[in-house]
There are 2 protein chains.
Amino acid sequence: MTGTKQAGVDRTSGVALWRQIADDIRVAIGAGEFREAGKLPGEMALAERFGVNRHTVRAAIAALQTEGIVKAKAGRGTEILSDIRLKMPISRRTRFSSGLGGQARRPETAYIASGEAEASEEVAAALRIAPGTPCVTLETLGLADGIPVSLAFHTFPAARFAGIDEHFRRERSVTRSFAAMGLADYVRISTDISARHADEREREWLRLTPGGIVLEALAINADLEGVPVQYSRTLFSAGRVSLHVGTDVEL
Amino acid sequence: MTGTKQAGVDRTSGVALWRQIADDIRVAIGAGEFREAGKLPGEMALAERFGVNRHTVRAAIAALQTEGIVKAKAGRGTEILSDIRLKMPISRRTRFSSGLGGQARRPETAYIASGEAEASEEVAAALRIAPGTPCVTLETLGLADGIPVSLAFHTFPAARFAGIDEHFRRERSVTRSFAAMGLADYVRISTDISARHADEREREWLRLTPGGIVLEALAINADLEGVPVQYSRTLFSAGRVSLHVGTDVEL
DNA sequence: CTCAAATGTATATTTATCTAGACAATTAAA
DNA sequence: TTTAATTGTCTAGATAAATATACATTTGAG
């Protein structure tokens with residue numbers, strides 16, 4: 001039996017069937033489709049559903065197992081370990097830790113690297129400074145319950161925030177680092193969101209499999225006078241995070 | 001020579017090399033990497049850069065050609081036709097046509113289909129009605145200069161908006177259809193953004209190649225009293241659109 | 001015109017992916 | 001304990017993707 005045209009999978013290819021199926025199942029888990037049973041349907045049932053051979057489904061499940069979101073056991077079935085997709089709020093008061101607060105998780109921010117750089121055209125336009133102006137760069141990893149969900153590159157004007165990376169290494173929070181440097185409050189001015197495949201380095205940090213997708217958010221934060229204080233490029237693991245834009249939020 | 005470990009491509013599989021390379025080149029074009037030359041490097045140079053055979057690069061370029069963003073010509077090279085990415089604003093007053101207005105393009109909305117359906121759990125929660133309540137569904141395609149950029153599924157409560165699909169077929173605009181039914185103004189309450197691979201049907205409408213990525217925006221619009229009037233699921237072609245969230249925009 | 005640099009086309013080989021079928025091993029329920 | 005349902009393993013074959021060469025065709029520069 002050569003599969004006719006089943007749910008979602010595409011053979012005109014480019015992406016292996018097992019990968020398409022793994023992505024599909026991951027999304028279904030996130031949508032709560034199997035929450036009741038607490039486990040996936042049997043391999044045969046899934047093979048039927050996607051119109052592929054059982055072994056192809058097995059390859060997909062194997063990938064999901066290495067991601068740590070399911071666990072197969074002979075005789076029992078394939079248990080769902082995590083069925084979560086974080087909802088990251090994007091509003092005037094977007095902050096990583098408090099954004100995840102309500103979702104009963106343990107948010108955490110890790111330091112990766114920092115340095116100095118001259119503002120590129122892109123950064124300069126965002127921070128409203130001249131290209132070439134000295135800046136502080138900071139790279140961080142956001143985790144929820146130990147699982148990486150975001151990889152961020154922050155840029156601050158050095159004139160005002162030289163040494164903020166040192167604060168961050170102690171405080172492990174951009175908000176608290178700003179506070180330590182005398183900036184008590186700030187707001188999000190704009191966020192630009194796109195999506196693409198993660199590159200090798202990004203996959204490594206975010207623990208994604210090849211073909212994994214990231215949401216890329218370019219954000220500008222400003223102080224209460226409207227002067228830009230931070231430009232960030234944040235990559236969210238698309239399988240684990242959705243961005244929620246509430247236009248009327250003012251927490 | 002068996003490639004060691006070149007720029008970005010990953011053989012641990014799942015995604016075909018030609019697709020990874022096509023995605024990579026598309027991003028590079030968007031970043032303006034070849035803007036100076038106006039064309040891509042030669043096939044041999046690209047093969048070297050990615051550590052693959054020339055034919056693999058050719059497959060990638062063929063895909064980019066069917067997307068219409070490059071044009072190869074024997075003897076001349078591979079010309080870059082478009083290096084543009086639309087910026088779709090998401091704000092309290094998000095509307096498709098006016099959103100693209102400033103970008104010197106010809107926005108257009110096409111009717112695909114419409115019908116009646118009972119509100120699912122998801123829709124009911126968004127529109128604040130009981131599950132099973134009759135609704136009007138409307139599927140539309142958004143284009144810019146003739147190129148499809150978004151595929152949308154709208155749901156309206158039938159009690160208030162029965163026949164809105166007929167208005168849409170005449171007006172070709174949700175905003176004008178609302179107006180024709182006595183709703184002069186409405187605002188965006190929330191938008192939920194995620195990213196995933198497009199399925200077959202979506203690729204067809206959005207003219208994407210297999211493995212193409214879509215930004216999925218789940219949006220709720222409400223009248224000025226805050227009563228939800230519309231729930232939409234819009235798929236944006238991630239290669240052609242980025243979503244811009246300005247928290248203080250009031251166009 | 002000649003030549004170099006591109007892309008276009010063709011064929012054969014290797015490797016990865018998918019299918020097919022058979023059977024073993026584990027688990028939970030009858 | 002028996003049985004049914006499930007995952008685990010193995011082998012073999014078909015299809016798709018990637019490599020390796022070779023040569024043709026188109027274009028622009030000298």
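Chain letters run A, B, ... following the sequence lines, proteins first, then strands; residues in each count from 1.
In this structure, A:Phe50 places its CZ atom 13 Å from P of C:dC18, rounding to the nearest Å. Between the CD atom of A:Glu43 and the C1' atom of C:dA25 there is a distance of 13 Å, rounded to whole Å. Rounded to a whole Å, the CE atom of B:Met44 is 14 Å from the C1' atom of C:dA4. One can place CD of A:Glu48 at 16 Å from C1' of D:dA5, the figure rounded to the nearest angstrom. Atom-to-atom, CZ of B:Arg58 to P of D:dT19 comes out at 14 Å; the value is rounded to the nearest Å. Here D:dT6 presents its P atom at 18 Å from NZ of A:Lys71, a figure rounded to the nearest Å. When the C1' atom of D:dA16 is taken as reference, atom CH2 of A:Trp18 falls 15 Å away, rounded to whole Å. For A:Ile61 and C:dC18, the CD1 to P distance is 14 Å, given to the nearest whole Å.
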Could you write out each protein N or O paired with an N or O of nucleotides 23-26 of chain D at a distance under 3.5 Å?
{"from": "D:dT26", "atom 1": "O2", "to": "B:Gly75", "atom 2": "N", "distance (Å)": "3.4"}

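Take B:Pro148 and apply the side-chain contact (heavy atoms from CB on, under 4.5 Å) test, not counting sequence neighbours, and it matches B:Leu141, B:Leu143, B:Leu206, B:Arg207, B:Arg240. Taking the side-chain contact (heavy atoms from CB on, under 4.5 Å) definition, one finds that A:Glu33 meets it with A:Ala28, A:Arg49, sequence neighbours left out. Legend: residues meeting salt bridge (Lys or Arg N to Asp or Glu O under 4.0 Å) with B:Arg76, ordered by chain and number and at least two apart, are absent. Remark: A:Ser242 pairs with A:Arg85, A:Lys87, B:Asp192, B:Ser194 by the side-chain contact (heavy atoms from CB on, under 4.5 Å) rule, at least two apart or across chains. By the side-chain hydrogen bond (donor to acceptor under 3.5 Å, both in side chains) test, A:Arg233 pairs with A:Glu216, sequence neighbours left out. Scanning for side-chain contact (heavy atoms from CB on, under 4.5 Å) contacts around B:Ser150 gives B:Phe96, B:Thr234, B:Phe236, with sequence neighbours left out.
Listed nucleotides: C:dT9, D:dT9, C:dT7. Nearest to the side chain of A:His55: D:dT9. Taking the side chain of A:Thr56 as heavy atoms from C-beta on, and the options D:dG8, D:dA18, C:dC18, the nearest nucleotide is C:dC18. Closest approach to the A:Asn53 side chain among D:dA22, C:dA20, D:dA18 is made by C:dA20 (side chain taken as heavy atoms from C-beta onward).
OP1 or OP2 of D:dT6 has not a single side-chain nitrogen or oxygen of A:Thr78 nearer than 4.0 Å.
Residue pairs satisfying the salt bridge (charged side-chain N to carboxylate O under 4.0 Å, His left out) criterion with at least one member in residues 52-65 of chain A, sequence neighbours excluded, are listed as follows: A:Glu43-A:Arg54, A:Glu43-A:Arg58.
Helix-axis bend for the helix from C:dC1-D:dG30 to C:dA30-D:dT1: the local axis fitted to the five terminal pairs at one end deviates from that at the other end by 30°, rounded to 10°.
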Might you work through the side-chain contact (heavy atoms from CB on, under 4.5 Å) test for A:Trp18 and A:Val52, ending with a clear yes or no?
CA-CA 9 Å; A:Trp18 64 263; A:Val52 300; over 6 Å; no
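Between the side chain of A:Gln65 and the backbone N or O of A:Ala72, at least one donor-acceptor pair lies under 3.5 Å.
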